[in-house]
2 protein chains.
Amino acid sequence: MLAVDAVNKSNSGHPGLPMGCAPMGYALWDKFLRHNPNNPQWFNRDRFVLSAGHGCMLLYALLHLTGYDSVTIEDIKQFRQWGARTPGHPETFETPGVEVTAGPLGAGISNAVGLAIAEAHLAAKFNKPDTKIVDHYTYVIMGDGCNQEGVSSEACSLAGHLKLGKLIALYDDNQITIDGRTEVSFTEDVLKRYESYGWHIQHVPDGNTDVNAIAKAIESAKRVTDKPSIIKITTTIGYGSPNKSDTAGVHGAPLGEDEANLTRKQLEWAYDPFVIPQEAYDHYRQAINRGAQLEEDWNELLTIYRNKYPKESAEFERMLRGELPNGWDKDLPSYSSDEKGLATRKHSQICLGALGPNLPELIGGSADLTHSNYTDIKGETGSFQAETPEKRYLHFGVREHAMAAILNGIAYHNSGLIPYGGTFLVFADYMRGSMRLSALSELGVIYVLTHDSIGVGEDGPTHQPVETIPSLRAIPNMLVFRPGDGNETSGAYKVAIENRKRPSALCLSRQGMPNQASSSIDKVAMGGYVLEDCEGTPELIFIGTGSELDLCVQASKQLSSAGHKIRVISMPCVELFEEQSESYKEEVLPSSIRKRIVVEAAESFGWHKYIGLDGDSVTMNSFGASAPGGTCMEKFGFTLENVLAKAKTLLNSP
Amino acid sequence: MLAVDAVNKSNSGHPGLPMGCAPMGYALWDKFLRHNPNNPQWFNRDRFVLSAGHGCMLLYALLHLTGYDSVTIEDIKQFRQWGARTPGHPETFETPGVEVTAGPLGAGISNAVGLAIAEAHLAAKFNKPDTKIVDHYTYVIMGDGCNQEGVSSEACSLAGHLKLGKLIALYDDNQITIDGRTEVSFTEDVLKRYESYGWHIQHVPDGNTDVNAIAKAIESAKRVTDKPSIIKITTTIGYGSPNKSDTAGVHGAPLGEDEANLTRKQLEWAYDPFVIPQEAYDHYRQAINRGAQLEEDWNELLTIYRNKYPKESAEFERMLRGELPNGWDKDLPSYSSDEKGLATRKHSQICLGALGPNLPELIGGSADLTHSNYTDIKGETGSFQAETPEKRYLHFGVREHAMAAILNGIAYHNSGLIPYGGTFLVFADYMRGSMRLSALSELGVIYVLTHDSIGVGEDGPTHQPVETIPSLRAIPNMLVFRPGDGNETSGAYKVAIENRKRPSALCLSRQGMPNQASSSIDKVAMGGYVLEDCEGTPELIFIGTGSELDLCVQASKQLSSAGHKIRVISMPCVELFEEQSESYKEEVLPSSIRKRIVVEAAESFGWHKYIGLDGDSVTMNSFGASAPGGTCMEKFGFTLENVLAKAKTLLNSP
């Protein structure tokens with residue numbers, strides 16, 4: 001009824017799911033969920049994910065009823081209003097107690113796979129036979145929409161493969177989607193599909209009233225420890241509404257006052273809007289004492305652990321505090337220009353090898369491109385599998401979108417793990433939905449995106465990013481790096497690791513490039529910096545990134561020896577440059593100097609912020625072609641000759 | 001062996017799949033595929049999709065062997081070289097005979113669902129009991145990677161629902177992906193999963209040599225007319241290579257000369273590289289006469305059809321010619337400023353209703369947001385279902401990515417159908433992989449993307465696009481429209497329908513906006529045009545789109561009455577404006593006038609191309625928030641007050 005009332009009051013929202021799922025919400029939260037309402041961040045709590053995020057009033061109601069400060073009855077009355085802690089979809093950054101930001105369907109269940117991986121990994125890493133300090137379940141409520149989205153198929157197939165026994169999904173089988181009955185588009189046998197993934201399956205035919213059956217099914221699911229579980233719970237959307245239940249109309253629109261009253265009558269609910277009987281509070285809020293006791297017991301266990309296993313506990317507690325270990329970056333390599341240039345994907349591999357031993361919380365892998373992305377950690381063998389969850393390398397399979405959602409899930413676990421994942425840059429498109437959520441939810445996921453331009457070569461335009469870098473730069477709160485050599489790759493990793501509240505996308509080359517004489521690990525943190533300079537005021541400024549940085553340096557050399565005053569700015573991260581002080585930006589890129597040329601083997605889109613109406617660029621605004629990478633670079637104009645020609649034209653202009 | 005040789009010669013490519021799939025390729029192309037090598041565009045051919053596009057040498061070999069002009073032995077020797085018709089992944093626009101551009105895994109099988117939908121629809125629409133002029137199969141070869149990608153899960157679930165009996169997929173079960181054996185990440189029971197979707201399933205255990213078993217399975221699949229079929233064919237990747245077969249090493253790297261020789265020995269292949277025995281040509285190229293006969297038979301059938309059913313045949317043949325019907329746009333509405341403004345999603349619905357009766361080839365739907373996207377065609381009932389394939393409304397379910405891939409498939413069918421599909425703009429991210437392929441493959445798909453800004457309101461930042469419009473504008477060959485009223489919405493449809501060689505993304509508002517006095521249907525084709533102007537040279541130019549266009553007009557009015565000279569440019573499609581003549585662009589946006597302000601409720605990213613270093617914008621560079629749409633607009637600065645303030649600052653600047 002809180003959902004009915006809140007949606008009516010805001011005149012906007014989704015009452016149908018909360019009405020149909022109230023029994024499973026009650027069963028799960030009252031009888032199973034181990035959590036502490038007074039400390040939503042208690043580490044060893046069970047994680048609850050409302051994957052069908054539009055039904056967020058169910059979650060807000062449960063948070064409120066069980067006594068979370070974060071959702072008062074006033075917050076519920078402010079449902080979906082400016083500044084409220086009860087936004088229209090659950091957002092971790094707005095509401096303590098919300099474990100994942102959900103709304104884009106399929107994301108939550110896929111995040112939950114990440115949460116379960118994080119738990120399994122930490123349990124295997126830290127637990128001792130006598131002290132299990134990491135031990136919780138991950139529960140999910142998901143709907144038909146979640147089950148139709150491909151990302152959930154990917155993630156749940158992997159979850160079955162990994163035998164994540166502590167992942168339990170309650171599937172709200174209400175047979176209604178926005179277009180009407182699921183029979184218009186969705187008639188597959190969902191449980192059979194999950195069985196094919198290796199999940200344990202159950203069905204509760206009456207989810208509207210049979211709380212006992214739901215509870216028994218959850219108990220059974222908990223007993224199956226070598227498989228994730230899905231419980232299909234057949235419900236009626238909008239259950240209790242005499243005229244709107246079991247229709248698409250109750251999915252995402254208010255019942256209205258009249259129907260709300262009829263619903264009260266049908267459900268024999270004698271209370272006014274937003275009124276909760278004390279009896280209900282008294283019952284639900286037993287969770288407060290229970291939760292306090294759970295945390296106290298765990299704290300005692302942690303004390304024992306601390307005493308018996310001081311080294312392990314020091315690492316564990318450091319991670320929970322979100323602190324990086326001392327010297328984590330000490331082995332990040334630096335380079336002089338004498339050293340042979342490598343592909344930045346190769347530099348990235350060296351960085352991962354340098355970070356691995358010093359940064360045990362680094363965990364990640366690749367979407368089946370390990371030996372192309374070079375995402376392995378040197379010296380380590382084996383991967384996270386059902387039998388070896390202590391390993392930190394993840395084979396995601398050819399499942400980019402699930403990879404990103406799972407990385408988000410690992411970050412949402414908030415236990416200090418630093419998740420990274422690799423694929424080809426062009427396939428960032430496949431996982432963009434979840435990359436956006438990394439940015440929105442302030443998750444320090446590191447995306448290792450190799451093969452970053454037409455330099456990819458023979459694989460051709462389906463594999464050659466052209467617009468991908470600009471489109472990633474457009475995402476708020478995302479750091480997009482395109483390092484220009486070994487030092488800048490080290491610098492990019494340094495910043496990415498330090499940024500635990502925003503994601504980083506490392507765009508890395510397939511092909512080699514020289515190490516620059518003046519490149520800097522530390523200056524990457526400024527986003528852009530003067531790499532090569534002239535005496536006095538420059539006539540022209542080159543701005544370069546990645547594999548084209550060296551073209552700028554070469555062109556600058558030639559023009560300088562012809563007497564021109566040229567500056568080269570390396571711009572490995574536009575977003576960080578934007579954040580610098582106005583004086584720094586003015587110093588690097590004086591507003592009076594309008595002869596500016598950007599060189600980047602990508603779309604020019606976005607670069608006019610720096611080149612304005614008077615500058616120029618060596619970029620490309622078409623798709624690439626299948627040919628050796630060097631040929632592509634040449635044919636699309638990324639040559640010294642072309643850079644020089646454009647520079648001379650600009651130098652000769654008024 | 002052609003694959004081995006071509007990959008060796010180019011020193012780049014994927015020999016493993018062609019070697020393992022040669023038997024199924026042979027069985028399918030020699031015994032089943034109805035095609036005409038001398039006319040790759042013969043309409044009634046079976047469609048063959050190599051979803052595992054990296055194995056393209058299999059396809060090029062089959063095209064060459066069966067006698068297509070498009071792939072000569074010289075083309076094969078030029079595999080993956082600049083300008084060759086044999087690019088590193090199959091591309092429709094490079095090689096006649098290639099039905100879909102594949103490479104990004106999962107795309108091809110999902111396109112195939114679209115091809116099968118197109119066939120089923122046209123068959124139901126045009127066939128008569130005595131003359132079946134539309135009657136072909138869609139065959140696919142797919143690999144483990146395709147089966148791991150979520151997009152294929154979405155599409156194949158829908159294919160099962162729709163009982164697409166003429167879709168037959170051969171699944172190359174070679175148990176190898178790039179990271180090694182599939183056992184590291186992919187151990188689900190694939191056939192059981194397809195069975196859960198409603199597919200007919202079979203298994204051929206020896207795909208390396210048992211051509212008869214493959215042929216029998218295809219025959220069985222053809223006999224099952226009420227279900228799509230998948231045949232799991234167990235093969236050995238790189239079959240025939242004594243040292244590299246059954247390893248990830250043979251997936252994407254040349255065998256090298258030595259191993260190629262050993263392979264020749266093992267397979268008892270006595271011919272030099274690129275040499276095909278005449279006996280093989282003679283056998284394969286029976287396809288030429290067979291194909292000519294098939295087309296001749298079909299032409300005869302078409303003659304009969306033309307005589308018996310002149311009306312139907314006129315429409316059918318017009319569609320095949322790619323001609324739009326006379327008067328297709330005659331009912332597109334125009335508006336005066338007196339008429340009440342609507343949301344552009346509502347204008348879009350009116351356009352679809354106006355186009356529907358005059359444009360029978362329009363076919364589309366929504367990813368389960370019909371009543372939010374307003375993608376229905378007024379006056380039509382029912383949808384494309386197994387029992388009603390003659391209907392043209394598609395319920396895609398909550399499957400955005402599959403929707404886009406299926407729309408691409410319908411376009412690839414190249415039979416005049418004009419596919420469109422709707423979802424929320426923010427969920428373009430979910431289908432971006434396939435939207436990119438629409439652009440790359442020159443497919444005139446129309447994306448109807450509603451809820452185009454923070455104007456979405458209460459659903460909050462997960463549902464509010466901010467960076468989505470810029471990120472779509474970054475895609476080459478994609479038209480991105482953001483119409484500012486009713487006329488511009490009609491204009492956007494007009495251009496989108498006419499553009500059969502590039503996709504259009506219509507970004508449409510949830511909320512209402514006024515009709516402008518000077519807006520124009522026809523001027524949308526110019527991309528940008530002067531909507532309101534002053535006498536003489538403007539001091540300041542506003543550039544507006546969509547729901548913010550009216551803010552520009554209002555601000556202009558106020559400033560004009562205060563004596564300023566102001567121009568307002570409406571810019572519904574940046575890409576089209578860019579394509580106009582330099583003189584037109586200069587006329588609309590004189591380069592000397594640098595006081596320019598863009599107003600658009602989205603990221604500023606990309607707009608500096610017009611505002612340069614001296615202009616300004618009323619845009620936003622953060623995510624939105626959950627609150628009523630009007631509140632969001634106000635809080636994020638999309639107010640007349642703010643627009644005026646920025647304008648005045650600019651007007652007062654030197």
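In what follows, every chain begins at residue 1, and chains take the letters A, B, ... in the order their sequences are listed. Just so it is clear, the model here is predicted, and its values are computed rather than measured.
Interface remark: of the candidates Met435(A), Met620(A), Glu467(A), Glu467(A) forms the most heavy-atom pairs closer than 4.5 Å to chain B. Residue with the most contacts toward chain A among Ala102(B), Gly103(B), Gly615(B), Gly365(B): Gly103(B) (heavy-atom pairs, distance under 4.5 Å). Heavy-atom pairs under 4.5 Å with chain A peak, among Leu158(B), Leu369(B), Thr468(B), at Leu369(B). Heavy-atom pairs under 4.5 Å with chain A were tallied for Asn11(B), Leu105(B), Asn477(B); the largest tally goes to Leu105(B). Among the candidates Leu440(B), Thr187(B), Thr631(B), the residue making the largest number of heavy-atom pairs closer than 4.5 Å to chain A is Leu440(B). With respect to chain B, the highest number of heavy-atom pairs below 4.5 Å among His14(A), His371(A), Glu91(A) belongs to Glu91(A). With respect to chain B, the highest number of heavy-atom pairs below 4.5 Å among Ala474(A), Gly612(A), Gly252(A) belongs to Ala474(A). The most heavy-atom pairs under 4.5 Å with chain A, out of Arg594(B), Lys192(B), Arg436(B), Met431(B), come from Arg436(B). Between chain B and the residues Thr462(A), Thr177(A), Asp368(A), the largest count of heavy-atom pairs under 4.5 Å involves Asp368(A). With respect to chain B, the highest number of heavy-atom pairs below 4.5 Å among Pro461(A), Ser604(A), Ala107(A), Ser434(A) belongs to Pro461(A). Ranked by heavy-atom pairs shorter than 4.5 Å toward chain A, the options Ser157(B), Cys146(B), Ala402(B) are led by Ser157(B). Of the listed residues Asp144(A), Val184(A), Thr86(A), Thr370(A), the one with more heavy-atom pairs under 4.5 angstrom with chain B than any other is Val184(A).
The main-chain N or O of Phe79(B) is found under 3.5 Å from a side-chain atom of Gln81(B) such that the two form a donor-acceptor pair. For the pair Asp429(A) (side chain) and Gly433(B) (backbone), a donor-acceptor distance under 3.5 Å is absent. Put simply, the side chain of Ser626(A) gets close to the backbone of Glu458(A): a donor and an acceptor are under 3.5 Å apart. Between the side chain of Asn373(A) and the backbone N or O of Thr423(A) there is at least one donor-acceptor pair closer than 3.5 Å. Between the side chain of Glu154(B) and the backbone N or O of Gly150(A) there is at least one donor-acceptor pair closer than 3.5 Å. Under a 3.5 Å cut-off, the side chain of Trp82(B) and the backbone N or O of Lys635(A) do not form any donor-acceptor pair. Side chain of Glu188(B) to main chain of Gly198(A): no donor-acceptor pair is present (N/O by atom type, distance under 3.5 Å, no hydrogens or angles).
In this structure, chain B has a heavy atom under 4.5 Å from the side chain of Asp614(A), while its backbone stays farther away. Of the atoms belonging to Glu183(A), it is backbone heavy atoms, and not side-chain ones, that fall under 4.5 Å from chain B. When heavy atoms are compared at a cutoff of 4.5 Å, His54(A) does not approach chain B at all. Only the side chain of Gln385(A) comes within contact range of chain B, judged by heavy atoms closer than 4.5 Å. Looking at Ser12(A), only its side chain comes within 4.5 Å of chain B, counting heavy atoms on both sides. Heavy atoms closer than 4.5 Å to chain A are found in the backbone of Phe396(B), but not in its side chain. For Val190(A), no part sits under 4.5 Å from any heavy atom of chain B, backbone or side chain. For Glu603(A), the part lying near chain B is the side chain, with the backbone staying farther off; criterion is any non-hydrogen pair under 4.5 Å. Residue Phe186(A) touches chain B through both its backbone and its side chain, counting heavy-atom pairs closer than 4.5 Å. For chain B, the nearby part of Asn621(A) is the backbone; its heavy atoms alone come within less than 4.5 Å. Of the atoms belonging to Arg473(A), heavy atoms from both backbone and side chain fall under 4.5 Å from chain B. When heavy atoms are compared at a cutoff of 4.5 Å, His401(A) approaches chain B solely by way of its side chain, counted from C-beta outward. Of the two parts of Pro90(A), neither the backbone nor the side chain holds a non-hydrogen atom closer than 4.5 Å to a non-hydrogen atom of chain B. Interface remark: Gln464(A) contributes backbone atoms only to the contact with chain B (heavy atom separation under 4.5 Å). For chain B, the nearby parts of Ala439(A) are the backbone and the side chain; heavy atoms of each come within less than 4.5 Å.
For the pair Asp459(B) and Arg80(A), the salt-bridge criterion is met [side-chain N within less than 4.0 Å of a carboxylate O].
A centroid separation of 6.0 Å or more is found between the aromatic rings of Phe384(B) and His395(B). A distance of 6.0 Å or more separates the ring centres of His161(B) and Tyr197(B).
Note: Ser153(B) OG to Arg193(A) CZ = 6.5 Å, rounded to the nearest 0.5 Å. The line from CD1 of Ile475(A) to CG of Leu437(A) is 10.0 Å long, rounded to the nearest 0.5 Å.
Using cut-offs of 30° and 60° on the angle between ring planes, the pair Tyr610(A) and Trp607(A) is tilted.
Side-chain atoms of Tyr194(B) and Ser196(A) form no donor-acceptor pair, as typed in the model, at a separation below 3.5 Å.
Heavy atoms only, all atoms of each residue included: Ser471(A) and Arg432(B) are closest at CB-NH2, 3.2 Å.
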Fill in: Candidate pair Trp199(A) and Leu191(A), rule side chain to side chain contact (heavy atoms under 4.5 Å, CB included), full reasoning
CA-CA 9 Å; Trp199(A) 287 50; Leu191(A) 286 188; over 6 Å; no

